[in-house]
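See below for the structure under consideration.
This structure is a prediction, so every number in the text was calculated from the model and none was measured. As the structure lists them, so they are numbered: ligands from 1, and atoms in each ligand from 1.
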Amino acid sequence: MTDETLAATLLHLRAKGLEKGAPVVAPVEMASMFHLPGDPAGVPGYGRMDNATWAALEAALGHLEQAPALAFPSGMGAISAALFACLSAGDRILVPTDGYYTTRLLGDQFLKALGVEMVLRDTARFDEGGFDGFRLVFLETPSNPGLELCDIAAAAEKVHAAGGLLVVDNTTMTPLGQRPLDLGADIVVASDTKAPNGHSDLLMGHVATRDEALLARIKDWRKLAGGIPGPFEAWLTLRGLETLELRLSRMVASAEAIAGRLAEHPAVSDLRYPGMSNHPALKQMAHGGFLISFTLESEAVAERFITTCPLIQPATSFGGVHTSAERRARWGDAVAPGFVRLSVGIEPLETLWSAMAEALPGARA
Ligand SMILES: *Cc1c(COP(=O)(O)O)cnc(C)c1O
């Protein structure tokens with residue numbers, strides 16, 4: 001299915017099974033207990049295992065991924081579930097040096113203590129060095145924050161030949177833009193805190209896989225570890241997903257235009273926008289995304305841009321309706337002090353660009 005078909009049919013998923021008089025939108029099911037006399041098999045039993053609102057969210061996420069999906073209370077909840085459910089003592093995993101830093105901290109502070117060895121490699125050179133001896137290879141493309149790309153299909157082939165599992169963090173693209181499972185990945189993980197929910201008011205994540213054994217194991221991890229999403233957050237995410245394609249189309253179109261203009265701006269260096277890359281991995285992406293990174297002269301200049309532009313929300317995270325930006329060096333990412341990651345929101349383009357141009361060095365006072 002094309003992204004357009006997926007987005008259109010997403011809005012009518014629930015209609016198929018609807019009884020006359022039922023609400024068109026899935027209700028929020030707030031329940032820990034269910035009425036359960038006698039044999040408990042085959043019906044919802046307890047709130048850590050079953051919830052109709054998660055089920056509705058998972059149906060929507062699964063539709064977009066074209067694979068069974070499990071919802072988690074954050075992106076890290078989803079990543080933890082995939083890693084802890086798949087790894088055991090003695091395993092080696094490969095993780096990007098330049099991807100989301102919390103995944104590396106998880107490996108360093110928790111997986112290591114359980115006997116899992118973590119090896120780091122730059123996304124831009126992910127293929128070099130091969131994948132022999134890795135139980136699991138974790139990939140992020142475009143990576144956050146460096147926006148480096150990697151060919152997922154090529155990596156999947158080599159990882160599988162070496163007997164490993166390929167897990168792809170697809171947060172920066174969303175399933176409407178890139179579907180790693182179609183490219184050969186075994187598991188996709190994502191933070192739905194970002195564009196899928198899109199309104200910067202909750203955290204959510206998901207895992208999707210077409211491997212039934214892995215899916216069952218990850219589901220058991222959720223049930224036993226107890227990291228489950230709240231029904232109301234699941235419901236809000238479902239609402240957010242309904243406008244994902246609409247929001248993305250504005251965000252991506254604006255990001256393309258803004259990336260082109262920033263690239264020509266004399267105060268801007270090292271501009272990176274995946275949509276302007278000539279990397280072969282661009283073929284796996286339906287669009288160039290809404291994230292742009294670039295470097296301004298210094299920390300002070302970058303902070304001035306981020307904090308004085310009235311249409312930029314200074315904040316960490318990305319993918320919301322509000323354009324936002326931050327200096328990643330403040331978190332210790334290996335980037336220049338003036339490195340800015342910009343997440344383009346849904347503000348009308350020309351108004352947004354005028355405000356940005358005013359906040360860049362060299363604007364008329
Ligand atoms: C934000 C993010 C995560 C973590 O998601 P949370 O919802 O904050 O737990 C994981 N991977 C990437 C690439 C992210 O940007």
Side-chain angles (χ1 to χ4, degrees), residues 57 61 69-84 93 95-111 118 120 122-123 126 136-150 152 166-175 177-178 180 185 187-208 221-222 225 227-230 233-234 236-237 240-241 244 248 251 272 274 281 285 289-293 313 315-320 324-326 328 330-335 339 341-344:
L57 173 61
L61 290 167
L70 293 167
F72 286 87
S74 65
M76 284 316 300
I79 291 170
S80 301
L83 295 179
F84 282 90
I93 65 168
V95 173
T97 331
D98 49 340
Y100 190 63
Y101 74 114
T102 313
T103 306
R104 292 194 298 280
L105 292 183
L106 181 72
D108 214 36
Q109 294 181 19
F110 291 94
L111 291 173
M118 181 175 63
L120 300 177
D122 293 349
T123 303
F126 219 64
L136 188 151
V137 172
F138 192 95
L139 188 59
E140 201 180 300
T141 173
S143 62
N144 168 26
L147 304 179
E148 294 285 358
L149 303 183
C150 180
I152 297 172
L166 180 64
V167 179
V168 176
D169 183 335
N170 199 38
T171 301
T172 53
M173 285 308 287
T174 87
Q178 179 170 277
I187 298 176
V188 60
V189 293
S191 169
D192 299 312
T193 308
K194 316 292 167 54
N197 177 59
H199 292 74
S200 312
D201 48 11
L202 60 80
L203 282 86
M204 190 63 64
H206 77 271
V207 175
W221 163 267
R222 182 177 69 179
I228 54 164
E233 285 74 11
L236 282 171
T237 308
L241 278 181
L244 176 60
L248 278 178
M251 288 156 68
R272 180 155 300 184
M285 301 159 61
F290 48 82
L291 291 173
I292 302 170
S293 71
Q313 172 61 52
T316 195
S317 195
F318 57 82
S324 65
E326 73 167 332
R328 287 301 299 183
R330 66 182 182 159
W331 300 109
D333 282 347
V335 292
F339 175 96
R341 183 188 63 200
L342 177 70
S343 173
V344 178

Just need the protein heavy atom nearest to [atom], so name the residue and atom and give the distance.
atom: atom 4 (C) of ligand 1; value: Tyr100 CE2, 3.3 Å
atom: atom 1 (C) of ligand 1; value: Lys194 NZ, 1.5 Å
atom: atom 7 (O) of ligand 1; value: Thr193 OG1, 2.6 Å
atom: atom 12 (C) of ligand 1; value: Asp169 OD2, 3.4 Å

Going by distance only, is there an N or O of [X] that falls short of 3.5 Å from an N or O of ligand 1?
X: Met76; result: yes
X: Gly75; result: yes
X: Glu140; result: no

Could you check whether any side-chain heavy atom of Phe339 comes within less than 4.5 Å of a side-chain heavy atom of Asp333, counting everything from C-beta outward? no
Side chains of Met76 and Thr103: closer than 4.5 Å at any heavy-atom pair? yes
Is the closest heavy atom of Asp192 to ligand 1 under 4.0 Å? no
Numbering as shown, the atoms of ligand 1 that approach Phe318 to under 4.0 Å (heavy-atom distance): 15 (O)
Sub-4.0 Å atoms of ligand 1 with respect to non-hydrogen atoms of Ile79: 10 (C)
Once you restrict to heavy atoms under 4.0 Å, what part of Thr172 touches ligand 1? Side chain, backbone, both or neither. neither
Verify the distance criterion only: is there a donor paired with an acceptor across the side chains of Thr172 and Asn144 at less than 3.5 Å? no
Look at the aromatic rings of Phe84 and Trp221 and report parallel, tilted or perpendicular, splitting at 30° and 60°. parallel
